[in-house]
Amino acid sequence: MKRPILIHPDPRLKKVCEPVPDLSDDLRRLADDMLETMYDAPGIGLAAPQVGVTRRLIVLDCVKDEGEEPRPLVMFNPEVVASSDETNVYEEGCLSIPDQYADVTRPKIVDVRWIDRDGNAQAETFDGLWATCVQHEIDHLNGKLFIDYLGAVRRQMITRRMQKLKREQARA
Ligand SMILES: [Zn+2]
């Protein structure tokens, strides 16, 4: 089932999310709903607070080529345990900040640990777009958005645009 995506500014997008202590069918259903919502948007990553659930859960799939197999990843309690000194710049966007994009610099390579959909501990090294995406999604769990990396003027400009968008949506 698709879930509505919260649009910035929203207090739920600024919260530090709670760890998931035990997997439940409800949480697995939430993860499946988040994947469906992400693919439908379409996007390459989604964090639970973006659908109003302040739990440490993200989903992502950065496979972009048409011919390539999709690779949906569900991560409970994801954690970056090591990151490279080498950095990468990507033009980032966010489903909670529609149609706004900006360059963000992040570590190029990160080691990530998480609990998968079946409750198993996983660890993997991510590079390139995957590394950027997983860091962007984990930031959401700490109440941080990609616009928080920008200067105040740019951030406020984007926030005002989103406030206007929300007013228009509320009227529609
Ligand atoms: Zn985002």
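In listed order, ligands and their atoms are each counted from 1. Everything numeric here is computed off the predicted structure, so don't read it as measured data. When a residue number appears, it is its place in the shown sequence, counting from 1.
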**Request:** Could you pull out the closest heavy-atom pair between Met162 and His8, with the gap in Å?
**Result:**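 Taking every non-hydrogen atom into account, CB-O, 3.0 Å.
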In residues 72-84, what donor-acceptor pairs under 3.5 Å come from side-chain atoms, sequence neighbours left out?
unit_1: Asn77; atom_1: OD1; unit_2: Val20; atom_2: N; d: 2.8
unit_1: Asn77; atom_1: ND2; unit_2: Val20; atom_2: O; d: 2.9
unit_1: Ser84; atom_1: OG; unit_2: Glu86; atom_2: O; d: 2.8
unit_1: Ser84; atom_1: OG; unit_2: Lys108; atom_2: N; d: 3.2
unit_1: Ser84; atom_1: OG; unit_2: Ile109; atom_2: N; d: 2.9
unit_1: Ser84; atom_1: OG; unit_2: Ile109; atom_2: O; d: 3.4

**Request:** Using the test salt bridge (Lys or Arg N to Asp or Glu O under 4.0 Å), find all partners of Asp33 that sit at least two apart in sequence or belong to another chain.
**Result:**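 By the salt bridge (Lys or Arg N to Asp or Glu O under 4.0 Å) rule, Asp33 matches Arg3.
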**Asked** Does some side-chain heavy atom of Thr105 sit less than 4.5 Å from a side-chain heavy atom of Asn88?
**Response** no
**Message:** Clusters formed by hydrophobic residues whose side-chain heavy atoms approach within less than 4.5 Å: which one holds Ile44, and what are its other members?
**Reply:** Tyr90, Leu129
**Asked** Cut-off 3.5 Å, side chains only: do Arg155 and Tyr149 have a donor facing an acceptor?
**Response** no
**Request:** Report, as a single number, the protein N, O or S atoms less than 2.8 Å from the Zn ion (ligand 1).
**Result:** 3
